[in-house]
Protein chains: 2
Amino acid sequence: MPEKKTPDRKDQIAQVASEHFHEKGYMAVSMRDLAKEVGIEAASFYNHYESKGSILKEICFRMADEFFSGLNRALSEHHLPAAQLQAIIREHVGVVLKNFSASAVFFREWRHLSEPWLSQFLELRRRYEEQVRQVLSQGMNQGLFRQMDQNVVVYTLFSLLNGLHEWKEVQQRFSPQEVTDHIAGIVLNGIAVGDQAKHHKS
Amino acid sequence: MPEKKTPDRKDQIAQVASEHFHEKGYMAVSMRDLAKEVGIEAASFYNHYESKGSILKEICFRMADEFFSGLNRALSEHHLPAAQLQAIIREHVGVVLKNFSASAVFFREWRHLSEPWLSQFLELRRRYEEQVRQVLSQGMNQGLFRQMDQNVVVYTLFSLLNGLHEWKEVQQRFSPQEVTDHIAGIVLNGIAVGDQAKHHKS
DNA sequence: CCTACCGATCGGTAGG
DNA sequence: CCTACCGATCGGTAGG
């Protein structure tokens, strides 16, 4: 009596789905497409996931967990705003580069989540952004960052972080450290007073 | 004998389609969805467009035209690399803010173009990027920009430019001039030698 | 621009 | 995990 429902199968499906959702978009990938790639029949998916949407849900929320873990690690291990900000960037970059397809799905395909997951997802993103804003506020209040429109700074930071997955060669060409140093350099030197943040190396 | 095929109808369809493709994604919008919004039957679309894909094609290539017009204007009206770069940014920002939905479709939905349009589209993007690279190269060769990895600079610039459409409040909160100044400030002060680019205002 | 309709494919279920 | 199948919906066409 062979084991058919191997414990890896669910992870394998999530991995294959991440890659296909990344390349073609969630709506353009059918259960039959995934089935062919995984090597089972389409109907067999429903032994592992209750619906197509639940695969997307798992990918998105697993990535959200990863991003929050990184954020919490960054905040607990550093206390100066500039160091915290750089650690946030390093953790974020690490998560993206380690889960390239899944993070692209996270950033690009979340709008296809169904309720109540969609609302929960947006709430998580709001909280992530809020925590980053607090670091910026502290840096400004302590006179470590220049006083500037916080929305503009947040936009700049998240554009650079969330756009990483559009840059295909980044994984091969640069180490996480190089990417981190670059983004941190742009953001910190753009908002820090004087040179004090310029020599922060992680 | 009333005019049924008004000359505005095709533009109206493109406008409605841009908004729906932006909000839900190309694959998640059916011809019947669009029909309902436009106020005609789904079958009637085929008097204006030969297929669903041709609506997407028109949106994407019309935006490509807009971006190239802006690029050419920037390059012909300025000659110093820093001024050219800032003009490129200003033109690009202007196009995005003036065509918010359509530009989001341009950046996000182009992968659903069918051949040969997909290949043509990618070639256009490659040429746009190539022209920007040349400005960067000239700036570096003339000693006006710091010598740094060009891929990294291009990535930074395009992340900020191409991510604009993700920032919903940008249209209401900031003028094109403010957005331009911000992005140009980040990019130019990040790569320019000394302060010479710092006081370039458009 | 509409009515009527087509074949294909979709996500998902029943039953084993 | 598979075979067999379902209702719904898709993009698109014929004919007027």
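Proteins come first, then strands; the chains are lettered A, B, ... in the order of their sequence lines, and each starts at number 1.
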Go through the steps to decide whether B:R133 and B:N151 satisfy the test side chain to side chain donor-acceptor pair (under 3.5 Å), and finish with yes or no.
CA-CA 9 Å; B:R133 275 180 193 274; B:N151 292 308; 3.0 Å; yes

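- Within 6.0 Å of atom CD in A:E77, more than 12 heavy atoms from other residues, nucleotides or ligands are found, so the atom counts as buried in its surroundings.
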Using a 4.0 Å cut-off on protein heavy atoms (strictly under), produce a 5'-to-3' string for nucleotides 9-16 of chain C with B for base contact, S for backbone-only sugar-phosphate contact, and - for none.
-SBBB---

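- In this entry D:dG16 has C:dC1 as its Watson-Crick or G-U wobble partner, both defining distances falling under 3.5 Å.
- A donor atom on one side chain and an acceptor atom on the other are found under 3.5 Å apart for A:Q177 and A:D181.
- Under 3.5 Å, the side chains of B:Q86 and B:T180 contain no donor-acceptor pair of N or O atoms.
- For the pair A:K52 and A:F45, the NZ or CZ position fails the cation-pi test of under 6.0 Å to the six-membered ring centre and within 45 degrees of the ring normal.
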